[in-house]
Amino acid sequence: MKPQFWQIPTPNDATLLRLPEKTAQLVLRLQDIVSQHQNIKFASSLAVEDMVITDVIARQCLPITVFTLQTGRLNAETLQLINQVKQNYPELNFEIYEPNVQAVAQYVQNHGENAFYDSVALRRECCHIRKIEPLNRALDEADAWLTGQRREQSVTRYELPLTEHDNTRNITKYNPIADWSEMDVWAYILQNNIIFNELYHQGYPSIGCEPCTMPVKRGEDIRSGRWWWESRDSKECGLHK
């Protein structure tokens, strides 16, 4: 029998009824963040969670820079979405950061292009080169950064606070939709006709680099397709250490 893959959820009436309140709350959270900081950056992976926050930033004309990491191993669908975001939100201050070319070449020379399959250590080294080092550059002069993380997403995030301190970079970190459910996110996306990655239509509820992401079977954990060859307790790239 052909496997049944995850599908985009249809928001129920209760979710749709609470959406205006959730949206208003998010707007207030972002406005409060803006009132406290001078140089805020939002790290967008272009996931639907990030598209919610991006849309609110654009609608409210908030002085928050949105940036994404072009790792060099993204799906064609994700690259297409980057162009769509730039076209649909011309008012955004939207930045793209890429990994150091020499560091990528050195990793490939030393270990092989797909060595991340061989061990958690090599996978994390690849993530460091392609994601963490570019993130560090992106946040170099920021005094706060935002993420689209949610508590529901994985066992590593179930205690995720709305506000935390990034000790590594010594700046404040905000997770403004930490308490949103998957259904809340999709309610906003579908009700507001927000653009999103075509891969969601292909059974991908969580999307990363192309060689490290697979579709997820219906009923499985939504992040089970990320680094699927590893234990579920290690499924973080290090961006949110």
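Residue numbers count from 1 along this sequence.
Annotation: side chain of Val56 is in contact with side chain of Tyr188 (closest heavy-atom distance under 4.5 Å). By the 4.5 Å heavy-atom criterion applied to side chains, Trp229 and Arg123 are counted as neighbours. Using a 4.5 Å heavy-atom cutoff, the side chains of Val216 and Ser206 are not in contact. Ile194 has its side chain out of reach of Val48: every pair of non-hydrogen atoms, C-beta onward, lies at least 4.5 Å apart. Between Thr213 and Trp228, the closest side-chain pair of non-hydrogen atoms is not below 4.5 Å. Under the 4.5 Å side-chain criterion, counting only non-hydrogen atoms from C-beta, Asp140 is not in contact with Asn136. Contact check for Glu49 versus Trp180: no side-chain heavy atoms found under the 4.5 Å cut-off. Proximity of Arg150 to Ile222: side-chain heavy atoms (C-beta onward) are separated by under 4.5 Å at one or more points.
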Q) Would Gln36 and Asp32 satisfy side chain to side chain donor-acceptor pair (under 3.5 Å), going step by step from the backbone distance to the final call? A) CA-CA 7 Å; Gln36 298 180 59; Asp32 184 56; 2.9 Å; yes
Q: Dump the intermediate steps for side chain to side chain donor-acceptor pair (under 3.5 Å) on Gln149 and Asn175, then the final yes or no.
A: CA-CA 6 Å; Gln149 293 184 103; Asn175 309 299; 3.2 Å; yes
Q: Might you work through the salt bridge (charged side-chain N to carboxylate O under 4.0 Å, His left out) test for Arg226 and Asp221, ending with a clear yes or no?
A: CA-CA 10 Å; Arg226 302 289 297 276; Asp221 182 272; over 6 Å; no
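Summarising the geometry, atom CD belonging to Glu98 is positioned 5.5 Å from atom CD belonging to Gln70; distances are rounded to the nearest 0.5 Å. Taken to the nearest 0.5 Å, the OG1 atom of Thr54 stands 12.0 Å off from the CZ atom of Arg59.
Side-chain atoms of Arg151 do not come within 3.5 Å of backbone N or O of Asp179 as any donor-acceptor pair. The backbone N or O of Ala144 lies less than 3.5 Å from no partner atom in the side chain of Thr172, so there is not a single donor-acceptor pair. Side chain of Tyr117 to main chain of Pro211: a donor-acceptor pair is present (N/O by atom type, distance under 3.5 Å, no hydrogens or angles).
Every residue was checked against the side chain to side chain donor-acceptor pair (under 3.5 Å) condition with Asn39, not counting sequence neighbours, and none meets it. Scored by the side chain to side chain donor-acceptor pair (under 3.5 Å) test, Tyr174 finds His37 as partners (sequence neighbours excluded). Residues meeting the side chain to side chain donor-acceptor pair (under 3.5 Å) test with Arg73, sequence neighbours left out: Asn114. Every residue meeting the side chain to side chain donor-acceptor pair (under 3.5 Å) condition with Tyr89, not counting sequence neighbours, appears here in chain and number order: Asp55. Residues satisfying the salt bridge (charged side-chain N to carboxylate O under 4.0 Å, His left out) criterion with Glu133, sequence neighbours excluded, are Arg137. Every residue meeting the side chain to side chain contact (heavy atoms under 4.5 Å, CB included) condition with Glu198, not counting sequence neighbours, appears here in chain and number order: Glu77, His201, Gln202. Under the side chain to side chain contact (heavy atoms under 4.5 Å, CB included) criterion, Lys217 pairs with Pro3, Phe5, Glu220, not counting sequence neighbours. The side chain to side chain contact (heavy atoms under 4.5 Å, CB included) search around Ala103 returns Asn100, Ile129, not counting sequence neighbours.
Side chain to side chain, Gln106 and Asn110 meet the donor-acceptor criterion of an N or O pair below 3.5 Å. Side-chain atoms of Tyr97 and Glu95 include a donor-acceptor pair closer than 3.5 Å. In this structure, a donor-acceptor pair under 3.5 Å is present between the side chains of His165 and Asn170.
In the hydrophobic cluster analysis, where Ile, Leu, Val, Met, Phe, Trp and Tyr join through side-chain heavy atoms closer than 4.5 angstrom, Leu146 is grouped apart from Ile171. With hydrophobic clusters built from ILVMFWY side chains whose heavy atoms lie under 4.5 angstrom apart, Trp145 does not share a cluster with Ile177. Leu79 and Ile96 fall within the same hydrophobic cluster, where Ile, Leu, Val, Met, Phe, Trp and Tyr residues are linked whenever their side-chain heavy atoms come under 4.5 Å apart, directly or through other members. Follow the hydrophobic side-chain contacts under 4.5 Å out from Leu122 and you reach Val104 in the same cluster. Under the 4.5 Å side-chain heavy-atom criterion for grouping Ile, Leu, Val, Met, Phe, Trp and Tyr, Phe196 is connected to Leu74 within one hydrophobic cluster.
Listed by first then second residue, pairs satisfying ring pair (Phe, Tyr, Trp, His ring centres under 6.0 Å) with a partner in residues 12-31 number zero, not counting sequence neighbours. Applying the ring pair (Phe, Tyr, Trp, His ring centres under 6.0 Å) test to residues at least two apart or on different chains, none of the pairs has a partner in residues 13-32.
Annotation for Glu91: atom CD counts as buried by contact number, over 12 foreign heavy atoms lying within 6.0 Å.
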Would you tabulate the side-chain donor-acceptor contacts of residues 60-69 under 3.5 Å, counting partners in other chains and residues two or more places apart, or write 'none'?
| unit_1 | atom_1 | unit_2 | atom_2 | d |
| --- | --- | --- | --- | --- |
| Thr65 | OG1 | Asn93 | ND2 | 3.0 |
| Thr68 | OG1 | Ser44 | O | 2.7 |

Can you give each donor-acceptor pair under 3.5 Å made by side-chain atoms of residues 12-19, sequence neighbours left out, with the distance rounded to 0.1 Å?
| unit_1 | atom_1 | unit_2 | atom_2 | d |
| --- | --- | --- | --- | --- |
| Asn12 | OD1 | Ala14 | N | 3.4 |
| Asn12 | OD1 | Thr15 | N | 2.8 |
| Asn12 | OD1 | Thr15 | OG1 | 2.6 |
| Arg18 | NE | Asp184 | OD1 | 2.8 |
| Arg18 | NH2 | Asp184 | OD1 | 3.0 |

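In terms of heavy-atom proximity, Thr71 sits nearest to Pro99 at O-CG, 3.5 Å.
Using the six-membered ring where Trp is involved, Trp6 and Trp186 have ring planes that are tilted, between 30° and 60° apart.
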